[in-house]
Every structure is written in C-alpha cells, then in structure tokens.
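It should be emphasised that the depicted structure is a prediction, and the values quoted were computed from it without experimental measurement. Throughout, protein chains are lettered first and strands after them, A, B, ... in sequence-line order, and every chain is numbered starting at 1.
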Protein chains: 2
Amino acid sequence: MHNLLINKLEQFTRLSAEDKQVLADVAQGRVRVRGAREDLIREGDKPTDVNLILEGWACRYKILPDGRRQIISFFVPGDLCDLHVFVLRAMDHSIGALTPITFAEISRETLRDIMSNHPRITEALWWDTLVTAAIQREWTVNLGQRSAFERLGHLLCELFIRLQAVGLTQGNACELPVTQTELADATGLTTVHVNRTLQELRGKGLIKLHGKHLTVPDLEALETASVFNLSYLHADHEGRALDARNGEAGSAGQWSRGA
Amino acid sequence: MHNLLINKLEQFTRLSAEDKQVLADVAQGRVRVRGAREDLIREGDKPTDVNLILEGWACRYKILPDGRRQIISFFVPGDLCDLHVFVLRAMDHSIGALTPITFAEISRETLRDIMSNHPRITEALWWDTLVTAAIQREWTVNLGQRSAFERLGHLLCELFIRLQAVGLTQGNACELPVTQTELADATGLTTVHVNRTLQELRGKGLIKLHGKHLTVPDLEALETASVFNLSYLHADHEGRALDARNGEAGSAGQWSRGA
DNA sequence: CGTCAAGTTGAAACAGGTCAAATACCGTGG
DNA sequence: CCACGGTATTTGACCTGTTTCAACTTGACG
C-alpha cells in the first residue's frame, strides 16, 4: 500500500483507494535488483518495460566516444523512467544505478490497461511526465547560464525538494548518495571544481555535507543563492488544493510553500 | 494538403489519406501571426492550446531575475509546441518568435478527438514528443560536455537535419534566421565568443554563413568535428522502413543515412 | 591494517568572459 | 538614390572561472 509514487502523484491529484491499490500492485510486479554502477538499460537497447524506482538512486547518462560522460538526470525512489519509450526503437542513452537499487518493471500491457481504465492515474502520470520534461529544461538553463556555485546549489535544491515530495527527507536533512564525480558529471564541471565549490557552499553555511548526509539549514537561503525558482516543479496543483480544502495534510512532504 | 508536420511524421509512420487530411485541417484552424520578438505565450500564463508552427522560427526561453537568458529549444516550421501542456496550471517558460511567424492554435478538444479517433496520428505524435524530449537531453549533453566549437557545430548539425526532415533545405544549404546573440543564448556562450567560434568553423571550411544563409559543404565532416551522433533524433523508424520496402522515396528530406 | 575509491590541496594553464569601440548591414524616409 | 539610425557583427586587449595535472589525505570495508 505504501508507495512513494503514490506520495508523489498525490501532490497533483487525489487518488481513490482503488487507484492506490492499482499503483501498489504495479510496484509489486516484476521487482528487480541491481548493484551500484550496474546499468538498468543501455544505449542502443530496445526498450521493453517502464521502470519504477523503488529504492536507491539511478541516473540517465550518455558517454561520448572520447569518454566524456554527462549525467542527464537523476532518478530517486518513486521516479518512473520513461512512460512511453516503447514507441522508440532504441534507447539513445543509458540508465545506470548510482547505488544498489530495487525497481519494478512495468510492462507495456499493464501500463496500457491502467491508462485505459484509470483516468485519474493517467492524468497524474501525465503530470509526472510533464514535470520530468520541465526538470530537463531547467537543467538546460542550469548548465547554460548558472555559475558553478549556483549550479551546484540549484541541483541540491532540486534534489532536496524532490526527496521531500516522496517523504525521503528528515527535517532539513536527507541522504545524498552520490560521489563528487557524479555531481561533476551532472553539472558539467570537474571533480576538483565541484570539491572546491562544495567547500564554498559549506563555508557560507548554505549546506552541511558529511559523507552522504546532506543538511540544508535554510532552504530559502540556498534557493536565493542558487537563483532557484520552484515553479518548474509544478507542485501548486489540485492535490495541494484538495489538501488545503480538506485541512488534511498530505502524508508526504510538500513541494509548495506559503500561498 | 501540403504540410510540414505531415512530412515530419511520415519519417516515423505511414499515414492514410484521411490521416493527412485531418492534419491538414488542423493546420488551417485558428491561424495566428506574430512579429519577430513577440511572445506566443509567456511564463506564468495558463496554457490553453497547442501551437503548430507553420512558418518562421520560434524558441522556448527562460529569463533569470538578473536578465540572463537561456534559449531552451528552437522551433522550426512543422514543430508542435507542447502536446499535453493543458495538464499544467501555468507555463514555466516563455515561447517567443525569432522571426515573423505564423502558427495554428490547436484546441484541447480538437486534439482529444484526433487522439481518440486516429491511432496512427496519435502514435506519430507520441514519437514526435519523445524525439523532442531526446533533443532536450542532447542539449544537456551539449551544454555540459562539449567545447564552444563542438557545441555550435552540434547545434548547426541538429538544425540542418531537422530542417531537412521537413524539406526546408536546398541541397547542402538552408536558412538560419537567427542572430549570433540568439545562438549565444542557446549555447550558453557570449556573443563575442560565438562570433569567434563561427569564424573558426568557417576557417576550417565546415560551414559557410553569409547573413542568414547557411551552407554545410560536408555534413559528415561537421558531425565528426562536433561529436554529433544522429541516433538521438530517432529517424530510423517504420516510416523509413516502409519507404525502403516500397522503393518509394519520401517527399521530404531524410534523416537517416546508409543502412 | 591494508587496499582502493573518494575527497582534498596547490600551482600553473587556458577557454571563454568582459569591456569597449569600430565596422558592416538593413530598412526607412526624404 | 542617398542619408540616417538602429541593430548585428567584428575586433582588440585584458581578465577570471574553471580546468589540468599531480600529489596527498581521508574514509570505508573486508
């Protein structure tokens, strides 16, 4: 019953008990495990299923012929890989585990059934897909316009808020199970510079980062320093509105703030 | 009847005469015009229609509070803006005309009808949406990993090939109706550096660029120099396969090459 | 307690940015 | 057909954020 995807989708819409059951079942279908650094799927492969991340982190990435690697996006628990990939013949990028990971494979047929019989879920999955696209656009802005300092800060804001949405934060802290090399590959910087920039963020008291444990003492301060604007995560939605109307706080953390 | 969107979608699938008629009608619905630099829709607006670009170029962009601007993607004729935006409450970015432009507004209802009655079109629109997402990912790689030289070269390859797909190239030439400032905002470089880099591309004979007229004497050479890999455009598809089988060349240019 | 990956540091080099001015281009009105 | 004004392109000199390279330290884990 308890399922991070449900948490996330309820940011957007209110799901019925039946809807939730359907999603819970889906997460119990073909469950797979991978070790850190193993791929879930590789560039060139024919996509067959949609992957739902249950535990651990993964990422999309692409490697250029000369070895340069760009991490294109991060997947955290509750994230769905690519809702409609089947339409394409071959993957144009790989998806790799960053930590040991468990995920559920959802077949094309299962998904088709859900989408024809459960309009509420369908709409919520749509929303999730559009938010994913918005995140990708924001990464374009991040890489194109922000300085190293802002860029890293922005990434940390985004990840913290996404984790909050599925209930994986504890107060102002969360796990950040990635290496500095991976942060470098995601931000288009070198490891060395990521290291120095993290020190700068720490020096200004914007983050605390020991090992894989991240604390953001003042999220608003970090957002300001990183030129971060929440709106691209599209959290201000019906789910929230319903919560407010019912005076019924969502079980998971909230994306939006204030009015 | 003649419609650039049809050209593009036929890269992916074979459309029936009726399908084509439906698409042609759509392009004749609510046609609008905008001057260069005018916005089609602005960040914060509620999205109501899907825009189909008929003539001229546009772009998605985002402006940071301090004025930095990132162009997130280019739209060329035949491009569809955002197939499912209605799900979102507000735009998280703006879409602006780069040249004088004409576009058709497609209503939510029209689109719903098409998608429930024309599975072939639906699937083709899916494909288009997924290719758009793949392009956005490739931009992430471009901004994160490629040097200024490769980055500009890569962008020019992509645009040339996309124009080819809708039949807007003449041999190895096409129009490139954007300013160096706009190329700079798209690549995350400064105008000055774009200017110098374009001179470098010209100097190596990889492009000719007078005014708004671009020639790519040897596309493969430009691709190699730019670490460009066609596969993210997902052109190797059913439409092509059918063409090959029938020995019936597509009316528009082709994305894929060789076998 | 050894080993291997991850994180940290310093010095030097460079890609790309900044600033500011010059030149070319283009549509408009006289 | 030319002069004008505004925008786009080009150039030069200088500056800086980020990279490179290479070594050193710390930490996790069997």
Side-chain angles (χ1 to χ4, degrees), chain A residues 35-38 57 64 66-71 97-100 142-155 175-203 207-214 225-227, chain B residues 35-38 57 64 66-71 97-100 142-155 175-203 207-214 225-227:
Chain A
R37 289 147 193 279
E38 286 178 34
W57 287 37
L64 300 185
D66 62 0
R68 281 174 282 179
R69 170 171 94 144
Q70 177 69 35
I71 289 182
L98 294 169
T99 68
N142 210 22
L143 289 165
Q145 299 299 325
R146 281 186 260 260
S147 66
F149 183 87
E150 297 166 332
R151 214 182 287 180
L152 262 169
H154 192 281
L155 177 60
E175 296 309 307
L176 187 78
V178 296
T179 66
Q180 293 185 359
T181 305
E182 286 154 353
L183 290 175
D185 287 348
T187 51
L189 301 166
T190 54
T191 331
V192 173
H193 201 54
V194 163
N195 184 283
R196 290 178 173 136
T197 307
L198 286 175
Q199 291 181 45
E200 212 183 329
L201 283 159
R202 279 191 281 236
I207 62 168
K208 283 175 205 152
L209 187 57
H210 314 101
K212 306 297 182 208
H213 193 72
L214 170 70
S226 312
V227 202
Chain B
R37 286 147 197 277
E38 285 177 35
W57 287 37
L64 300 184
D66 62 1
R68 281 174 282 181
R69 170 170 94 144
Q70 176 69 34
I71 289 182
L98 293 169
T99 68
N142 209 21
L143 289 165
Q145 300 300 325
R146 282 186 259 259
S147 68
F149 183 87
E150 296 165 333
R151 213 182 288 180
L152 262 169
H154 192 281
L155 177 58
E175 297 308 307
L176 188 79
V178 296
T179 65
Q180 293 185 4
T181 305
E182 286 154 353
L183 290 176
D185 287 348
T187 51
L189 302 166
T190 54
T191 332
V192 173
H193 202 55
V194 164
N195 183 281
R196 291 181 172 134
T197 307
L198 286 175
Q199 290 181 46
E200 212 182 329
L201 283 159
R202 279 191 281 236
I207 62 168
K208 284 176 206 153
L209 186 57
H210 313 102
K212 305 297 183 207
H213 194 74
L214 171 71
S226 312
V227 201

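Of the candidates C/dA6, D/dC21, C/dG17, the closest approach to any side-chain atom of B/Leu189 belongs to C/dG17. Comparing C/dG16, D/dT20, D/dT11 against the side chain of A/Val192 picks out D/dT20 as the nearest. When distances run from any side-chain atom of A/Arg37 to the nucleotides D/dT9, D/dC21, C/dA6, the shortest one goes to C/dA6. Taking the side chain of A/Thr190 as heavy atoms from C-beta on, and the options C/dG17, D/dT20, C/dC19, the nearest nucleotide is D/dT20. Closest to the side chain of A/Ala148, from the set C/dG16, D/dT18, C/dG17, is D/dT18.
Interatomic distance, NE2 of B/His193 versus OG1 of B/Thr187, reported as 9.0 Å (0.5 Å rounding). Here CZ of A/Arg196 is found 11.5 Å from CD of A/Gln180. Values are rounded to the nearest 0.5 Å. Once rounded to the nearest 0.5 Å, the distance linking CG of A/Leu152 with CZ of A/Arg146 reads 12.0 Å.
Taking for each of A/Arg146 and B/Thr181 the nucleotide of DNA chain D with the nearest heavy atom, the 5'-most of the two is the partner of B/Thr181.
Looking at heavy atoms from C-beta onward, A/Lys212 lies in side-chain contact with A/Thr179 at the 4.5 angstrom threshold. Side-chain atoms of B/Lys208 and B/Arg202, non-hydrogen and from C-beta on, never get closer than 4.5 Å to each other. Taking 4.5 Å as the limit, some side-chain heavy atom of B/Leu198 sits within range of a side-chain heavy atom of B/Ile207. Put simply, the side chain of B/Arg151 does not reach to within 4.5 Å of the side chain of B/Thr197, judged on heavy atoms.
Note: CZ (A/Arg68) to P (D/dT19) measures 13 Å, nearest angstrom. If you measure from atom CG of B/Asp185 to atom C1' of C/dG16, you get 16 Å, rounded to the nearest angstrom. As a whole-Å value, the separation of A/Gln145 CD from C/dG16 P is 15 Å. Between the CD atom of A/Gln180 and the C1' atom of C/dA6 there is a distance of 8 Å, rounded to whole Å. Residue B/His193 contributes atom NE2, which lies 17 Å from atom P of D/dG17 at whole-angstrom precision. Distance A/His210 NE2 to C/dT8 P: 11 Å, rounded to the nearest Å. When rounded to the nearest whole Å, the span between CG of A/Leu152 and P of C/dG7 equals 13 Å. Distance CG (B/Leu198) to C1' (D/dT11): 15 Å, rounded to an integer number of Å.
Side-chain N/O atoms of A/Lys212 include none lying less than 4.0 angstrom from OP1 or OP2 on D/dG27. OP1 or OP2 of D/dT9 has not a single side-chain nitrogen or oxygen of B/Gln199 nearer than 4.0 Å. Dashed line: the shortest gap from a side-chain N or O of A/Asn195 to OP1 or OP2 of C/dT8 is under 4.0 Å.
Residue contacts for B/Ser147: at a heavy-atom cut-off of 4.0 Å it reaches the sugar-phosphate backbone alone, with no base atom in range. Residue B/Arg151 is classed as having no contact, given no heavy-atom separation below 4.0 Å to the nucleic acid. Using a 4.0 Å heavy-atom distance criterion, B/Arg202 is classed as a sugar-phosphate-only contact.
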For nucleotides 23-28 of chain C, print each protein N/O atom paired with a nucleotide N/O atom at under 3.5 Å, atom names and distance only.
none

Chi angles and distances behind the side-chain contact (heavy atoms from CB on, under 4.5 Å) call for A/Glu150, B/Leu64 = CA-CA 12 Å; A/Glu150 297 166 332; B/Leu64 300 184; 5.8 Å; no

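At a cut-off of 3.5 angstrom, counting only N and O atoms as typed in the model, there is no donor on one side facing an acceptor on the other between the side-chain of A/Arg196 and the base of C/dG7.
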